[in-house]
There are 2 protein chains.
Amino acid sequence: MSAVRLLSQLSQASQPSEWLDTILKGDCVAALEKLPANSVDVIFADPPYNLQLAGDLHRPDQSKVDAVDDHWDQFDSFAAYDAFTRAWLLAARRVLKPNGTIWVIGSYHNIFRVGSMIQDLGFWILNDIVWRKTNPMPNFRGRRFQNAHETLIWASRESKAKAYTFNYEALKASNDDVQMRSDWLFPICTGGERLKDDQGNKLHPTQKPEALLARIIMSSTKPGDVILDPFFGSGTTGAVAKRLGRHFVGIEREQTYIDAAVERIEAIRPLERADLTVLTGKRAEARVAFVSLLDMNLLAPGTVLYDAKKRYKAKVRADGTIVSGDFAGSIHRVGALLQGFDTCNGWTFWHYERNGGLNLIDELRRIARLGIERAGA
Amino acid sequence: MSAVRLLSQLSQASQPSEWLDTILKGDCVAALEKLPANSVDVIFADPPYNLQLAGDLHRPDQSKVDAVDDHWDQFDSFAAYDAFTRAWLLAARRVLKPNGTIWVIGSYHNIFRVGSMIQDLGFWILNDIVWRKTNPMPNFRGRRFQNAHETLIWASRESKAKAYTFNYEALKASNDDVQMRSDWLFPICTGGERLKDDQGNKLHPTQKPEALLARIIMSSTKPGDVILDPFFGSGTTGAVAKRLGRHFVGIEREQTYIDAAVERIEAIRPLERADLTVLTGKRAEARVAFVSLLDMNLLAPGTVLYDAKKRYKAKVRADGTIVSGDFAGSIHRVGALLQGFDTCNGWTFWHYERNGGLNLIDELRRIARLGIERAGA
DNA sequence: GGTAGAACTGAATCACATC
DNA sequence: GGATGTGATTCAGTTCTAC
């Protein structure tokens with residue numbers, strides 16, 4: 001767990017065993033290019049946003065950018081930052097699976113550049129998320145609003161990707177049964193969670209709270225998924241991924257951060273598998289054909305079905321279709337036609353009479369599922 | 001007050017008397033070019049968001065969502081939208097006083113394009129502000145997080161501008177004596193405030209709440225200042241500016257919106273100078289999600305919960321749901337299922353063990369609130 | 001007239017498996 | 001890969017309707 005690899009140690013078409021749950025030491029783009037295409041489920045990135053550039057950034061022609069504050073150099077440094085952003089996002093996109101998603105966090109200094117580039121490269125933004133800080137740093141000069149939030153962008157690799165992972169039902173159930181909003185509230189990373197160096201100073205300037213990563217990982221990955229962090233830093237992504245039963249890949253240049261991250265991740269104990277089960281809803285349930293209710297003698301041909309208010313009725317035929325006046329077809333089709341709608345969920349529309357009351361046929365589907373499960377096991 | 005001017009009625013080097021507190025009818029860039037340079041204190045802009053909606057969207061009850069599909073929100077490409085954005089921002093910048101500031105509102109569809117262009121044109125971002133909606137539209141299909149906020153960018157014309165207006169003390173005083181944060185909470189514009197047409201339908205698809213404009217105007221202008229709105233729409237900016245004793249200039253193309261705005265603004269009575277206190281946003285109840293207890297390490301996945309008499313127990317999972325036998329879901333849902341009730345308040349039903357005794361999880365919620373309330377829920 | 005419940009609404013980039 | 005059929009999905013309000 002959490003070994004370190006030099007890029008030179010990776011073979012060209014590297015095997016997962018070479019990079020899974022490891023930290024790749026080196027430049028972010030070079031490391032991403034060592035990884036196979038379509039190989040990670042989710043990327044979390046906390047890219048640098050210092051527009052002073054600190055010698056980190058290069059123009060597209062590889063010449064170094066000097067940080068200057070006047071107007072034209074300002075523009076110049078935006079261009080350099082855009083080139084840097086484009087390079088790592090492109091490399092990251094190659095590594096992402098077709099149904100994978102990417103998270104990027106930033107502040108107003110850089111998030112607009114990042115967001116534009118994400119759109120330009122063909123990613124499809126799913127949400128922008130606001131991390132509201134319970135305890136942000138005050139604005140000392142009193143010349144602006146207190147900068148009390150950061151912004152995350154969540155995007156799928158493809159605009160047409162529909163099958164990305166989103167644990168909607170679990171999020172809703174964990175949030176008093178109302179759907180999770182785009183504004184999240186967490187404290188900043190302080191206290192015992194904040195890594196310190198030998199002098200007791202903070203080890204990393206922008207260590208993210210584990211709760212933030214936990215929300216991200218729990219919302220958009222499944223247990224066993226692979227999460228890549230191209231700006232690994234002190235390893236929050238790796239620590240939370242390991243605890244939550246996910247695999248990670250980190251990329252980091254600075255040995256100090258790598259050392260701290262390795263030690264940190266080593267100490268993590270993953271949660272029990274049973275505690276990692278993610279709540280799923282009806283969508284994940286096995287399909288049941290209406291005709292199975294007849295097959296299983298839960299419903300007999302000739303039975304009359306009603307909607308909740310008995311405004312409509314239809315009769316079950318032996319072939320698993322229903323008929324109502326001129327309309328015949330599936331429970332869904334007939335329900336839609338009777339109401340004049342395009343669609344209708346017949347399972348939650350039609351009822352049958354029992355003991356003078358109306359029972360939903362969806363109840364029979366539940367019973368059928370239990371029988372099918374038992375037979376299948 | 002609130003007269004309408006055709007662009008052809010304006011002289012080349014137009015005098016303030018020709019355009020102050022009026023609506024200029026015509027294209028936004030053309031109108032801006034008719035105004036003298038360095039002449040307005042603040043610009044508020046609510047440009048088209050370029051939503052790029054594909055098909056229809058229906059609510060679960062089959063009703064159709066009234067989408068923003070107006071012609072003015074259609075652009076062929078990001079490049080076309082960027083060109084449009086660049087043109088109006090450039091024209092707006094010329095009209096702005098050297099110490100003036102600009103506000104632009106948008107969503108994730110457009111705000112990254114707008115923010116990048118603002119930076120590219122030499123504006124200097126002072127804050128990004130999040131408008132958190134108390135009552136946003138849900139995500140009906142459960143495929144994303146509920147899109148519950150919009151973003152505003154506040155920027156000065158020049159990077160070196162130090163003398164822009166920011167009423168720090170007044171904001172702080174209006175906010176329980178703590179400095180105003182970058183996340184604001186307001187309801188969307190509904191009810192009596194929402195302008196309707198003759199048929200009772202909403203007059204404008206995206207009318208902004210007056211409280212939002214009031215916060216903006218009170219924070220970044222002085223009485224008597226001039227506020228320009230290049231996408232005037234139904235005239236919220238003009239109405240609030242007049243009420244708060246500021247001058248406005250609106251630019252709008254559609255006669256329907258102009259007519260409604262004129263009538264609306266006519267009816268406004270300016271407040272007495274002494275009454276120009278800041279309108280504060282609605283304070284929400286401090287709502288705590290069960291998953292926050294895990295986020296804040298007040299409870300760990302794997303913890304066993306009991307009811308008061310230890311008749312029932314359930315286990316906490318990492319996703320913030322709980323599981324008991326065949327039942328899994330929210331603390332409320334599982335409590336209800338176990339007791340055979342329709343509903344159950346999980347907060348006052350479930351306990352955790354500590355020092356051999358049982359403690360209500362509602363106690364943990366109380367502790368979590370202490371950390372959260374500071375941020376105003 | 002008052003109240004309870006139904007109906008309606010809002011800047012929305014909102015399936016997916018099978019044939 | 002395209003067409004087809006099944007079937008999953010909503011929060012905080014305000015306004016309207018029935019009694």
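The pair B:R59-B:D61 does not meet the salt-bridge criterion, since no charged nitrogen lies less than 4.0 angstrom from a carboxylate oxygen.
Residue-level contact check: B:P209 touches neither bases nor backbone, having no heavy atom under 4.0 Å from any strand. As judged by a 4.0 angstrom heavy-atom cut-off over every strand, B:G106 is placed among residues making no nucleic acid contact. B:R59 comes within 4.0 angstrom of a base, heavy atoms only. When heavy atoms are screened at a 4.0 angstrom cut-off, B:K64 is found touching no nucleic acid atom at all. Among the atoms of the strands shown, none is found under 4.0 Å from any heavy atom of B:Q207. Nucleic acid contact class of B:T206 (heavy atoms, under 4.0 Å, all strands): base. Across all strands, B:R143 comes closer than 4.0 Å only to sugar-phosphate atoms, never to a base (heavy-atom distances). A:V178 comes within contact range of the sugar-phosphate backbone alone, with a heavy-atom separation under 4.0 Å but no base atom that close.
Taking atom CZ of residue B:F231 and atom C1' of nucleotide C:dA11, one finds them 15 Å apart after rounding to whole Å. Atom CH2 of A:W347 is separated from atom C1' of D:dT9 by 18 Å (rounded to the nearest Å).
Which of D:dC11, C:dA15, D:dT6 sits closest to the side chain of A:K162 comes down to C:dA15. Relative to the side chain of A:Y168, the nucleotides D:dT10, C:dA11, C:dT9 differ in distance, and D:dT10 lies closest. For B:H109, the side-chain atoms get nearest to C:dT13 when compared with the rest of C:dT13, C:dA15, D:dT10. For A:H332, taking side-chain heavy atoms from C-beta onward, the closest of the listed nucleotides D:dT9, C:dA11, D:dT6 is D:dT6. For B:Y108, the side-chain atoms get nearest to C:dT13 when compared with the rest of C:dA12, D:dT10, C:dT13. Taking every side-chain heavy atom of A:T343 into account, D:dA8 is the closest of D:dA12, D:dA8, D:dT9. Nearest to the side-chain atoms of A:R287 among the listed nucleotides C:dT13, D:dT6, D:dA12 stands D:dT6. Closest contact between the side chain of B:K208 and the listed nucleotides D:dA12, C:dA11, D:dC11 involves C:dA11. Side-chain atoms of B:P60 lie closest to D:dT10 of the nucleotides C:dC16, D:dT10, D:dG7. Comparing C:dA11, D:dA8, C:dA17 by their nearest atom to the side chain of B:E150 picks out C:dA11.
Aromatic pair A:W350/A:F290: centroids not less than 6.0 angstrom apart. Within the 6.0 Å centre-distance limit, the rings of B:F75 and B:F84 are counted as a close aromatic pair. Taking the centre of each ring, A:W131 and A:W184 stay at or above the 6.0 Å mark.
For D:dT14, the base is anti relative to its sugar; the glycosidic angle deviates from 0 by more than 90°.
A donor-acceptor pair shorter than 3.5 Å can be found between the side chains of A:H149 and B:D128.
Comparing B:I188 and A:I125, the nucleotide of DNA chain C nearest to each residue sits closer to the 5' end for B:I188. Toward the 5' end of DNA chain C, the nearer of the two residues B:H204 and B:N139, judged by each one's closest nucleotide, is B:H204. Summary of the strand contacts: B:Q146 and A:I331 both lie near DNA chain D, and taking for each the nucleotide with the nearest heavy atom, the more 5' one is attributed to A:I331.
Cation-pi geometry between B:R143 and A:Y164 is met: the NZ or CZ atom falls under 6.0 Å from the ring centre, inside 45° of the normal.
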